[in-house]
Amino acid sequence: MTQGNKVAYPVVPGPEGILPPAATMMGVPLPEEGEGLVEGRIVGEQEALETAAIALLTRKNATLFPGPLVLWGWNDHTNEKAKYFFDVANELPGIRIIPMPDYRPIYPKIDPEAVINPCHPNLTIWHNKIEACVFIGVHCHFANITLKMVRAGTNCYTIALCAEAGHEDAMCSVPNFDIEKLVRFRDAIIKVKKNGIKPLYEGKGIIPTGWAQISRLSGKPVEKPKDDLLEVGVTGAFSHELETGLDDTAE
Amino acid sequence: MSLKTIQAAPGFQDYLPKEYQDLLEDGPFFQQRKVSELGSFKEAIEEHPMCAGCAMTLFIRLVYVGLPSLEHTVICGTAGCGRLAISQGAVPFVYGNYGDTNAVATGLKRGLDIRFKDQPKDVVVMAGDGGLADIGFHAVMHSWFRKEKFTTIMLDNEVYGNTGGQDSGMTQKGMVMKMAPTGKKFEKMDMLGLAKTAGVAYTARISPTNPTRVANTVRKAVLIAREVGPTFIQAYTSCNIEYAIPTPKVMDDAREVEKDRYGYLEYFSDEAKTYWEESEKERKRLRKAEK
């Protein structure tokens with residue numbers, strides 16, 4: 001358990017190697033309402049929001065990953081939440097938006113500029129060199145596995161804005177993340193900027209990523225590039241060739 | 001689950017990948033697409049990791065065309081080749097444990113009927129011969145005995161293709177497979193006969209040689225299941241890998257097998273026949289009225 005300032009298990013950007021332990025098994029507790037979780041440590045909600053804001057403003061290629069719970073117009077609430085999502089995005093210069101529209105295993109190939117998939121989220125993060133990201137509107141059971149995979153294989157700072165209990169496996173997480181908290185998050189971003197945090201991509205707006213987004217947002221036809229898909233599988237999973245194999249004759 | 005699920009929240013449509021944009025703008029939802037329209041709309045399934053020339057994939061593609069309301073359908077499957085493609089479809093897919101598919105589908109169907117009283121929700125089990133006739137046999141039979149109102153589609157490739165060629169209950173007697181070197185010892189199971197005995201309202205045996213007939217049969221089975229009782233389709237979907245069928249010859253094989261032992265066959269219970277004839281009359285009347 002976390003005692004005082006001592007952290008039972010620091011949940012920090014990886015790569016931590018294949019199969020990192022679940023933070024909850026290492027003694028990291030979930031935050032209560034009004035609290036947040038930063039790198040395995042329980043903090044106040046405002047501190048968590050500001051930490052997330054600083055990460056998104058200062059790390060390279062920060063990206064928002066909206067999941068099905070905000071991406072699709074399920075009901076009036078999600079439609080309203082979408083508006084506040086874009087309010088947050090508009091406060092983050094140079095932010096990218098790559099959706100996770102559903103959890104279908106996208107095999108055999110994925111377009112990592114256009115989509116992130118919980119079965120192989122590392123491919124999207126590697127390809128786009130994302131060093132900070134937000135998961136929002138992703139069902140918890142998929143967020144859990146995704147966050148662990150990202151921590152295992154990438155150096156990305158993960159932020160989970162969860163409508164339920166929060167996520168220990170994220171570097172930063174705030175629970176019960178409703179519209180009010182989205183507004184508070186936007187305010188926290190404005191506050192840290194006022195306090196002197198200089199955005200890495202100052203002056204830029206939302207940066208379209210992938211040919212379909214660029215085409216759609218610019219209103220101009222953009223041709224689909226021929227070699228923009230990543231193969232999923234053994235080579236995709238490890239992203240490099242084995243340099244040395246096992247020596248069968250070694251004793 | 002509502003009609004609103006298949007639309008993006010405000011502002012998000014521009015950020016969706018192209019295939020999702022196409023599904024929203026020109027997809028198969030909220031209308032009955034026809035086989036003749038294939039290629040002119042965004043299908044529920046396009047990319048998949050199945051083997052080249054796989055007849056099962058063609059059949060699955062046609063099933064998606066035949067389903068009467070994709071936006072109100074849940075597909076339930078299990079381990080095997082088929083789920084590799086089915087799980088990529090733009091229709092909710094529930095992965096039952098091996099053997100559990102029809103039990104899982106029972107729970108789904110009953111739950112959906114309670115939750116959505118005014119909106120029919122279709123549950124369709126689509127799994128292989130191993131998943132339905134062997135390992136899932138007890139759950140299949142009992143769902144039929146209980147008269148559960150959903151459709152079971154067996155993708156009958158007559159082998160455990162995904163695991164290297166073991167014989168299944170649906171393999172032909174005497175067939176020598178990679179993992180059955182002395183040949184299959186017993187007759188192919190008569191699942192159609194068992195279905196009839198169990199009181200299934202509509203059964204059909206089909207090969208993917210006639211795409212329109214496949215789509216129509218699926219549509220018929222789902223509509224009858226919605227109103228009358230369990231329905232069953234047994235589809236020949238050869239495994240060109242385990243049966244060493246050259247890729248360009250897959251459809252030739254399907255035609256030969258159809259001619260030899262897998263001819264189109266359908267059976268209606270009395271109640272299903274009455275329902276289907278009346279609903280066909282009604283559809284014709286409506287079509288006339290529209291004209």
Side-chain angles (χ1 to χ4, degrees), chain A residues 64-87 89-90 96-117 119 137 206 208-219 222 224 228-229 231-233, chain B residues 1-27 29-30 42-52 54 57 60 64 70-71 73-75 77 79-95 115-116 162:
Chain A
L64 304 177
F65 295 131
L69 291 168
V70 293
L71 198 58
W72 298 107
W74 302 83
N75 49 39
D76 294 341
H77 174 72
T78 49
N79 287 340
E80 198 184 350
K81 205 167 183 179
K83 177 191 172 297
Y84 291 96
F85 172 91
F86 282 104
D87 282 355
N90 288 328
R96 290 150 208 264
I97 299 174
I98 298 181
M100 186 188 278
D102 55 38
Y103 310 125
R104 285 188 276 173
I106 304 175
Y107 292 110
K109 289 190 174 185
I110 183 175
D111 181 353
E113 289 176 12
V115 70
I116 182 165
N117 187 262
C119 302
I206 298 172
T209 168
W211 68 277
Q213 260 188 39
I214 293 169
S215 167
R216 193 89 180 192
L217 293 168
S218 67
V222 177
K224 184 180 180 181
D228 64 337
L229 302 180
E231 195 150 340
V232 175
Chain B
M1 218 171 164
S2 74
L3 289 178
K4 286 183 177 176
T5 56
I6 307 171
Q7 63 184 35
F12 275 115
Q13 183 141 354
D14 292 341
Y15 291 91
L16 285 171
K18 182 75 172 83
E19 63 163 6
Y20 291 83
Q21 290 177 10
D22 289 347
L23 273 171
L24 292 174
E25 288 162 9
D26 193 21
F29 305 110
F30 309 117
K42 174 71 180 171
E43 291 177 53
I45 183 164
E46 282 184 1
E47 291 194 5
H48 57 78
M50 305 282 269
C51 305
C54 176
T57 317
I60 291 168
Y64 280 119
L70 275 176
E71 63 283 1
T73 302
V74 178
I75 295 182
C81 298
R83 52 93 195 182
L84 295 170
I86 302 165
S87 62
Q88 309 272 335
V91 175
F93 171 70
V94 176
Y95 188 100
R115 172 67 181 81
F116 300 97
N162 207 221

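Just so it is clear, the structure is predicted and the values come from calculations on it, not from any experiment. Letters A, B, ... are given to chains in the order of the sequence lines, protein chains preceding strands, and every chain is numbered from 1.
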Is a salt bridge present between Arg104(A) and Glu46(B), judged by a nitrogen-to-oxygen distance below 4.0 Å? no
For Tyr103(A), which atoms come within 4.5 Å of any heavy atom of chain B: side chain, backbone, both, or neither? neither
Do Tyr20(B) and Tyr15(B) have ring centroids that are under 6.0 Å from one another? no
Taking salt bridge (charged side-chain N to carboxylate O under 4.0 Å, His left out) as the definition, give me every residue that meets it alongside Lys18(B), ordered by chain and number, with sequence neighbours left out. Asp22(B)
Kindly say whether Ala82(A) contributes a backbone atom to a donor-acceptor pair with the side chain of Asn79(A) at under 3.5 angstrom? no
Please look at Ile98(A) and chain B and tell me whether the side chain, the backbone, both or neither of the residue comes under 4.5 angstrom of a heavy atom of that chain. neither
Between Gly210(A), Pro99(A), Pro105(A), which residue shows the highest count of heavy-atom pairs closer than 4.5 Å to chain B? Pro105(A)
In terms of heavy-atom pairs under 4.5 Å with chain B, which of Ser215(A), Pro101(A), Pro68(A), Ala114(A) leads? Pro101(A)
In Å, rounded to the nearest 0.5 Å, how long is the span from CG of Asp14(B) to CD of Gln213(A)? 8.5 Å
Please report the interatomic distance CD1(Ile106(A)) to CG(Asp111(A)), rounded to the nearest 0.5 Å. 9.0 Å
Contact leader toward chain B among Val115(A), Leu217(A), Thr78(A), where contacts are heavy-atom pairs under 4.5 Å: Leu217(A)
At a 4.5 Å cut-off on heavy atoms, which part of Ile97(A) comes close to chain B: side chain, backbone, both, or neither? both
Could you tell me which portion of Ile86(B) (side chain, backbone, both or neither) has an atom closer than 4.5 angstrom to a non-hydrogen atom of chain A? neither
